[in-house]
Number of protein chains: 2
Amino acid sequence: MTEAVSRPTLEAVAARAGVSRATVSRVVNGGDGVREPLVTRVRQAVEELGYVPNQAARSLVTKRHDAVAVVIAEPEARVFADPFFALQLRGISKELTAHDNQLVLLLTEGRADHARVARYLAGGHVDGALVFSLHLDDPLPGLIRNAGVPTVFGGRPDWSDGTPGPVYVDSDNRGGAREAVRHLVGLGRTRIAHITGALDQTSAVDRLDGYRDIVGDADPRLVVESDFTPGGGERAMRELLDRCPDVDAVFAANDLTALGALRVLRETGRRVPEDVAVIGFDDVLPVAEQADPPLTTVRQDIEEMGRLMARLLLRGQAGRPGRPGRVGEQSADEAAAGVILPTTLIRRASA
Amino acid sequence: MTEAVSRPTLEAVAARAGVSRATVSRVVNGGDGVREPLVTRVRQAVEELGYVPNQAARSLVTKRHDAVAVVIAEPEARVFADPFFALQLRGISKELTAHDNQLVLLLTEGRADHARVARYLAGGHVDGALVFSLHLDDPLPGLIRNAGVPTVFGGRPDWSDGTPGPVYVDSDNRGGAREAVRHLVGLGRTRIAHITGALDQTSAVDRLDGYRDIVGDADPRLVVESDFTPGGGERAMRELLDRCPDVDAVFAANDLTALGALRVLRETGRRVPEDVAVIGFDDVLPVAEQADPPLTTVRQDIEEMGRLMARLLLRGQAGRPGRPGRVGEQSADEAAAGVILPTTLIRRASA
DNA sequence: GTGAAAGCGCTAACAG
DNA sequence: CTGTTAGCGCTTTCAC
């Protein structure tokens, strides 16, 4: 006795309400132009039968999917070492949910998966894509452009060709860096160092630029390249102390890096902030708040970034090389561009 | 000139290959019972046209979706404070990808979203669900059961009614706790305390049980209830020192809690591990490795948990109260049950 | 083995 | 305003 619980169709609702399928369809989709008595009758039939529209059938005719792909292209485990993506996802999810769109998550493990993702996007399974791929040499953005799907990028992508700029949402990395360094200057520090992030990511480059905006042509030995990890931060800090024992402030490219720097500073007997002031970036709470001493850092509103990305896509601000759809209804002359979210300096004990 | 780039259909491929739609369909779906010359010709046409099957059309007839929902029901921001879910997602994603299934992510913000999720699952948009909902009083698992979708839970759910047990994957929280405490005992500690996690989650309860398994009826003041956060860990540690100044070891319910405990220990001038040994749980790398001193902790293979959940669902081990589908093809007598993954004690400096 | 034909459940003209 | 009529692109009997 396989209780074949096949769900009710439009047909069934129509029969029960004593109207045509078309009328039920109209009611289900907002019920414009249907007279009150019928609307109620249909609504009731829907209720009684527990009718839920079959999305596949609907997509087949509308060519819409009410679904958006989120592509996270980060081979490194590092992505998962801080809550960055989790927060973005939450922001994205909230916005998509508010507009009855589903979130299809596409995680990639290196290049092997790129073709798969490109095929999926080109396959017209979703109305748009939100893409995180922050590495300069990543071929994925290009592939995605060819897929002809409206797309919004998370973080400024690095396209130097002449095509109309991609739509993206980013934090004000450069401005945030400037504020951090300015704060250090305000503290009277004169030997301000910078430990960079992985310079194949625009965020790291922008933060370095912000640092340079303030310090000008300071001693180049005060800039040490690193990679956004605590271990990298340690190595960089050691090298820094080696090169410039008189350093009195460090602006680290992110909180994890700052953590590594703090550790080395402590080991070598420097007091923070008395001897060396330290500032991070991101304001990853469990890291920044629990650091010793608690970390002064530049906060970015990560969840808001996610929300905004989704909003841009749904509003059709996104580049849409190809076919139509509810997502992507922007006017043709809408200049594709980036949206930059402000950052805030959070003062704690380390600077 | 809107280059209506409407993608090629089966029809088009059939025409190009000089065969019928049915034949193309067969080839696309594995190409059994089609003779070699045709297979090649069709494959080539598919290639040339860049044909990608329309999933909506396919689902409409097969009633399969090759999509799985991942439901993360965590109102608290805490979820996002550690990479737990990110790692699970990665494991899930890998497994789903390997079987050509899509991952639909459903994040919920408290009860308001429960109805939405239940409706979505009941709506037959996906072939199954992987559900994370670790709070004892959460109504979501019940709702999902009623949705009639094959489901695998992440973490042992707490159903006390008589229904056949839900399928779930969990870490060996109890065993891991035992190992941690045993290690402390082996170190010669005699006043071993436990700072619990949020006791409305089975993981916290299981870890507490494991602790008790080893210490027996030790001084009950050595157990302090907390909530898995660093702040909670601090408060708990303070209370603990207050109650039992002679404590010489602490087993914390997770790494974040241990971090808070370490901080208080340091503040109050205790040396770790000389005066007080500390063990955490989870082995969240950026936390455990960067702690001062680096944290001895119980590692769980989180990614593997995710992978296993997906595998169970795809293999049809999952409870399936309702309709058929590729997902959920288990034999009726297959005993639904939990799979418990082993944990490992990672020795660092803190104990 | 291969093709022809009948829908899957829904929306979107088009009549009435 | 409401109902009728075509399909959307695909899989799947069923003949050939």
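Protein chains get the first letters and strands the later ones, always in sequence-line order, with residue 1 at the start of each. Since the model is a prediction, treat every value here as computed from it, not as a measurement.
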Novice: Is there side-chain contact between B:Thr108 and B:Ile72, with heavy atoms separated by less than 4.5 Å?
Specialist: no

Novice: Give me the first and last nucleotide of DNA chain C, going 5' to 3', that has any atom under 4.0 Å from a heavy atom of chain A.
Specialist: C:dG9 to C:dA13

Novice: Indicate yes or no: does B:Asp66 engage B:Arg64 in a salt bridge with an N to O separation below 4.0 Å.
Specialist: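 Looking at B:Asp66 and B:Arg64, the cut-off is met.
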
Novice: Looking only at atom types and distance, does a side-chain atom of A:Thr151 sit under 3.5 Å from a main-chain N or O of A:Val149, one as donor and one as acceptor?
Specialist: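 Yes, because the side chain of A:Thr151 sits within donor-acceptor range (under 3.5 Å) of the backbone of A:Val149.
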
Novice: For A:Pro53 and A:Val28, which heavy atoms make the closest approach, and how far apart are they?
Specialist: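 Where A:Pro53 meets A:Val28 most closely, the heavy atoms are CG-CG1, 3.9 Å.
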
Novice: Under the side chain to side chain donor-acceptor pair (under 3.5 Å) rule, what pairs show up with a residue in residues 8-19 of chain A, not counting sequence neighbours?
Specialist: A:Arg16-A:Glu48

Novice: Looking at residues at least two apart in the chain, or sitting in another chain, which of them share a salt bridge (charged side-chain N to carboxylate O under 4.0 Å, His left out) with B:Arg43?
Specialist: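 By the salt bridge (charged side-chain N to carboxylate O under 4.0 Å, His left out) rule, B:Arg43 matches no residue at all.
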
Novice: For B:Arg156, what residues pass the salt bridge (charged side-chain N to carboxylate O under 4.0 Å, His left out) criterion, not counting sequence neighbours?
Specialist: B:Asp206

Novice: By a strict heavy-atom criterion of less than 4.0 Å, which residues belonging to residues 11-27 of chain B are in contact with DNA chain C?
Specialist: B:Val19, B:Ser20, B:Arg21, B:Ala22, B:Thr23, B:Arg26

Novice: Tell me which of A:Val28 and B:Glu36 sits closer to the 5' end of DNA chain C, going by the nucleotide each one is nearest to.
Specialist: B:Glu36

Novice: Name all residues meeting the ring pair (Phe, Tyr, Trp, His ring centres under 6.0 Å) criterion together with B:Tyr51; count only those two or more places apart in sequence or in a different chain, and write none if there are none.
Specialist: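 None.
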
Novice: To the nearest 10 degrees, how far apart in direction are the end axes of the helix from C:dG1-D:dC16 to C:dG16-D:dC1, each fit to five base pairs?
Specialist: 40°

Novice: Go through the structure and list residues passing side chain to side chain donor-acceptor pair (under 3.5 Å) with A:Ser59, not counting sequence neighbours.
Specialist: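 A:Ser59 satisfies side chain to side chain donor-acceptor pair (under 3.5 Å) with A:Gln55 only.
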
Novice: Would you give the length of the straight line joining atom CG of A:Leu106 to atom CG of B:Leu96, rounded to the nearest 0.5 angstrom?
Specialist: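 Atom-to-atom, A:Leu106:CG and B:Leu96:CG are 11.0 Å apart.
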
Novice: Rounded to the nearest 0.5 Å, how far apart are CG of B:Leu10 and CG of B:Asn54?
Specialist: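 Between atom CG of B:Leu10 and atom CG of B:Asn54 there are 9.5 Å.
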
Novice: Mind checking whether B:Val339 and B:Leu341 have side chains closer than 4.5 Å, heavy atoms only?
Specialist: yes

Novice: Taking any atom closer than 4.0 angstrom to a non-hydrogen atom of chain A, what span of DNA chain D does the protein reach, first nucleotide to last?
Specialist: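 Using the under 4.0 Å cut-off, the span is D:dC1 to D:dG9.
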
Novice: Which residues satisfy the salt bridge (charged side-chain N to carboxylate O under 4.0 Å, His left out) test with B:Glu95, sequence neighbours excluded?
Specialist: B:Arg311

Novice: Give the residues of residues 45-53 of chain A touching DNA chain C, defined as any heavy atom closer than 4.0 Å, sorted by residue number.
Specialist: A:Tyr51, A:Pro53

Novice: Begin from the C-alpha positions of B:Ile92 and B:Val70 and carry the test side chain to side chain contact (heavy atoms under 4.5 Å, CB included) through to its verdict.
Specialist: CA-CA 9 Å; B:Ile92 290 170; B:Val70 172; 4.1 Å; yes

Novice: Partners of A:His125 by ring pair (Phe, Tyr, Trp, His ring centres under 6.0 Å), sequence neighbours excluded?
Specialist: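 With neighbours one apart ignored, the set is A:Tyr120.
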
